[in-house]
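Below, all heavy atoms of this structure are taken into account, side chains as well, without hydrogens, waters or symmetry copies. Remember, it's 1-based here, ligands and their atoms both numbered in the order they're listed.
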Amino acid sequence: MIETPVSTSEMIGIESELGAHNYDPLDVVLTRGEGVWVWDTDGNRYLDCLSAYSAVNQGHCHPEIRKAMVEQAERLSLTSRAFRNDQLPHFYDEICKLTRSSKVLPTNTGAEAVESAIKCVRKWGYEVKGVSEECAEVIVCANGFHGRTISIVSFSTDPTARKNFGPFTPGFKIVPFGDGSALENAITPNTVGFLVEPIQGEAGVIIPPKGYFKQVREICSQHNVMLIIDEIQAGLGRTGKLLAEEHEGIEADLTLVGKALAGGYYPVSAVLSNSEVLSVLRPGEHGSTFGGNPLACATARAAMRVLVEEGMIENSADQGHYLLAELAGMRTNQVKDVRGRGLMIAVEFHPEVGGARRFCEKLKDVGLLCKETHKNTLRLAPPLVITRDQVDWALENIEKVLRLD
Ligand SMILES: *Cc1c(COP(=O)(O)O)cnc(C)c1O
């Protein structure tokens, strides 16, 4: 089929007419990507400072990941889990070694991993901890983000994510993020899990007080509550460590990974667990048609390999450290706070500035693609392959936009 050429504005028009309006994208239509760069249909080049919400940590169209994916696509794409495939055991082995986990449940999206973890800790609660039927509670944090399914928005504190989507799933309790005593006070004999992000990404890169996770780890162990850390955004090198939990020297009972797990080529996520929780699942009790498929496994294996072999995690720590320090140095009156860890960085503007969206539009005009998170915060999260020269180029342009405002 030969496509008739469609102009950029026509494409935006078609999207607006035919698509559900559940996003409010910048009016830039991208057609190609390589490393930290993406190009629009008019040939303009941009430095991607969002990395698809950290799903392309390895950079756009990484050649090694692409090669692994294409080779696998030519061989075998999907078997379903009714049969075995020759990529799944290698994926299990490599992800367990990388993250020091003992069991894996492969899923597609992050929300599916979150849902699966909740199901598993509930079942563990009834069968191992001895919680009475239908009484299991999972504690979560205010302002967290874990996805968009009914059960997940059931414990969201974002009114926009919840309004008119009820009735909601019961069994959740919400505590403030960063407050160990609030967690301890909320725990009852029915508490089976505590689900938390290591750094709250969507909330605007909120870093908890030092020592919080050590305390959380102790509280959870003391009360036999499974600690579920959602590393879907902060994990896989984004904060300068493989997993963000390493900054506090702790280990979760369940770790959720996704997004960058397949380098942006394919939706691959996983629940990684100690052996106790995932061992409660028996055949037929849970599943996913595409979860653990050979194309997903082969792509994820290459994505994990390049993340480590090409030093992307160290680079995230180095460039992130530099970018954060430089940004802190260029504070203008509009800037309320600059914070971050590794290449997960936020610039928060004073509310009087009237929102960060305006800066995103201006940054787009000088060649940087960013997205505001909540109203007043700009998130800077470029691919982890960014070089010092590229960081300097970004800083020059950010400074231009901030100073000219
Ligand atoms: C993106 C995200 C999810 C949901 O992942 P999807 O693949 O979009 O379903 C869950 N938790 C966190 C922390 C995320 O950033």
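With respect to the salt-bridge test (charged N to carboxylate O, under 4.0 angstrom), the residues R357 and E361 qualify. Looking at K364 and D40, no side-chain N of the basic residue comes within less than 4.0 Å of a carboxylate O on the acidic one, giving no salt bridge.
More than 12 heavy atoms of other shown residues, nucleotides or ligands fall within 6.0 angstrom of atom NE2 in H223. A 6.0 Å sphere centred on CZ of R75 holds more than 12 heavy atoms belonging to other residues, nucleotides or ligands.
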Quick one: table the atom pairs, ligand 1 N or O against protein N or O, below 3.5 Å, distance rounded to 0.1 Å.
from	atom 1	to	atom 2	distance (Å)
ligand 1	7 (O)	G110	N	2.8
ligand 1	9 (O)	G110	N	3.3
ligand 1	9 (O)	A111	N	2.8
ligand 1	11 (N)	D230	OD1	3.4
ligand 1	11 (N)	D230	OD2	2.6
ligand 1	15 (O)	Q233	NE2	2.8
ligand 1	15 (O)	K259	NZ	2.7

### Message
Test ring pair (Phe, Tyr, Trp, His ring centres under 6.0 Å) on F168 and F155; report intermediate values, then the result.
### Response
CA-CA 8 Å; F168 297 114; F155 56 79; over 10 Å; no
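Because its NZ or CZ atom is both nearer than 6.0 Å to the ring centre of Y322 and within 45° of the ring axis, R388 counts as a cation-pi partner of that residue.
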